[in-house]
Chemist: 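Next up is a structure, given as structure tokens.
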Amino acid sequence: MGSDMIIAAQQGGSGAFNLLLLLAVPLVFYFLLIRPQSKRRKEQMQMQSNLVPGARIMTTSGMYANVVSVDDDGLVLEIAPGVEARFVKAAVMQVVDGEKAADEVDLTDDEDDEDLTEDEAPAKADLTKSDAKADAKAEKVEKADDDEESAGATAVGKGSKKSSD
């Protein structure tokens, strides 16, 4: 009977802890998930409502374009010179006015490599396949196809002999 009293006394303290835990979980969710998401959504809506013609933007699909005109629910974007398309404002991910777009970055700039000697310069890989390698690969593929066709023909021939017997 004395051990029952000890168990009851221990369980009484855990009720307050459970209540505290029950109240803490929604607070954690609010501060870690709900509040930051609503803040991002508010910033996105503000950015989309402040779009003006001439701005350089990136769409949610990763396409860079210039804003031609803006109306209440949509906008007209110039994707390429002379190519215009109508988008909803929600398709705009960010304004990239000051940044260089990925398609405008010059990847062929080798000014830094000119000062280096031939030994110090980074090795430049030849990314083109030679014709000899391509021809050898094509021959292997043709030979494999011929082997498969001849193996299939012998299997069919054997099967036809068995059915005629």
Side-chain angles (χ1 to χ4, degrees), residues 1-131 133-134 136-138 140-141 144-145:
M1 191 181 267
S3 64
D4 292 336
M5 297 252 244
I6 294 172
I7 292 173
Q10 289 176 351
Q11 289 177 349
S14 67
F17 178 73
N18 286 340
L19 182 63
L20 183 64
L21 188 62
L22 191 62
L23 294 174
V25 169
L27 288 174
V28 169
F29 273 104
Y30 175 76
F31 283 109
L32 292 180
L33 298 174
I34 298 169
R35 187 171 173 233
Q37 181 64 28
S38 64
K39 184 178 178 184
R40 270 187 298 239
R41 186 175 57 242
K42 182 180 175 184
E43 289 172 355
Q44 188 77 9
M45 294 292 286
Q46 183 181 6
M47 182 268 306
Q48 290 170 355
S49 66
N50 292 336
L51 286 173
V52 293
R56 181 102 173 131
I57 57 104
M58 183 175 76
T59 64
T60 54
S61 61
M63 187 176 358
Y64 291 92
N66 292 322
V67 178
V68 175
S69 66
V70 180
D71 18 349
D72 293 336
D73 60 341
L75 50 121
V76 177
L77 299 178
E78 184 178 31
I79 301 167
V83 180
E84 294 180 353
R86 182 162 174 74
F87 284 81
V88 294
K89 285 185 178 180
V92 177
M93 180 191 263
Q94 66 182 9
V95 177
V96 289
D97 275 332
E99 304 171 18
K100 262 195 168 180
D103 58 350
E104 296 176 352
V105 176
D106 185 17
L107 298 176
T108 60
D109 187 21
D110 291 336
E111 293 175 9
D112 296 337
D113 294 342
E114 292 174 2
D115 297 336
L116 299 176
T117 63
E118 190 172 315
D119 295 335
E120 295 172 338
K124 294 184 181 180
D126 183 19
L127 300 178
T128 59
K129 290 185 176 180
S130 67
D131 291 334
K133 288 181 181 179
K137 187 174 183 179
K140 287 181 183 178
V141 170
D145 289 342

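If you're wondering where the values come from, they're calculated on a predicted model, not measured in any experiment.
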Chemist: What is the distance from atom CE of M93 to atom CD1 of I57, rounded to the nearest 0.5 Å?
Modeler: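 The CD1 atom of I57 is 10.5 Å from CE of M93, to the nearest 0.5 Å.
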Chemist: Between atom CG of L51 and atom CG of L75, what is the distance when rounded to the nearest 0.5 Å?
Modeler: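 Answer rounded to 0.5 Å: 6.0 Å.
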Chemist: Can you name the closest pair of heavy atoms from Q46 and S49 and give their distance?
Modeler: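 Scanning both residues, the minimum pair turns out to be O-OG, 2.9 Å.
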Chemist: Who passes side chain to side chain contact (heavy atoms under 4.5 Å, CB included) against V28, sequence neighbours left out?
Modeler: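 Listed in chain order: L32.
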Chemist: Could you measure the distance from the CD atom of Q94 to the OH atom of Y64? Nearest 0.5 Å is fine.
Modeler: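 Reported to 0.5 Å precision, the distance equals 6.5 Å.
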Chemist: Output all residues satisfying side chain to side chain contact (heavy atoms under 4.5 Å, CB included) with M63, sequence neighbours left out; order by chain, then residue number.
Modeler: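 M63: side chain to side chain contact (heavy atoms under 4.5 Å, CB included) contacts with T59, S61, I79, F87.
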Chemist: Can you check whether V92's main-chain N or O pairs, donor with acceptor, with Q48's side chain at less than 3.5 Å?
Modeler: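 Side chain of Q48 to backbone of V92, a donor-acceptor pair under 3.5 Å: yes, one is there.
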Chemist: To check you understand the geometry: which heavy-atom pair defines the closest contact between P53 and S69, and what is its length?
Modeler: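 For P53 versus S69, the nearest heavy atoms are CG-CA, 4.3 Å.
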Chemist: Using the salt bridge (charged side-chain N to carboxylate O under 4.0 Å, His left out) rule, collect all pairs that involve residues 27-55, keeping only residues at least two apart or in two chains.
Modeler: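 Residue pairs with at least one partner in residues 27-55: there are none.
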Chemist: For E78 and G54, indicate whether the former's side chain and the latter's backbone hold a donor-acceptor pair under 3.5 Å.
Modeler: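 No: the side chain of E78 does not pair with the backbone of G54.
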Chemist: Kindly compute the distance separating CZ (R56) from CG (L77), expressed to the nearest 0.5 Å.
Modeler: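 Separation between the atoms: 10.5 Å.
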Chemist: Suppose we screen for salt bridge (charged side-chain N to carboxylate O under 4.0 Å, His left out). Which residues come up paired with D73, at least two apart in sequence or across chains?
Modeler: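 For D73, the residues satisfying salt bridge (charged side-chain N to carboxylate O under 4.0 Å, His left out) (neighbours in sequence not counted) are R86.
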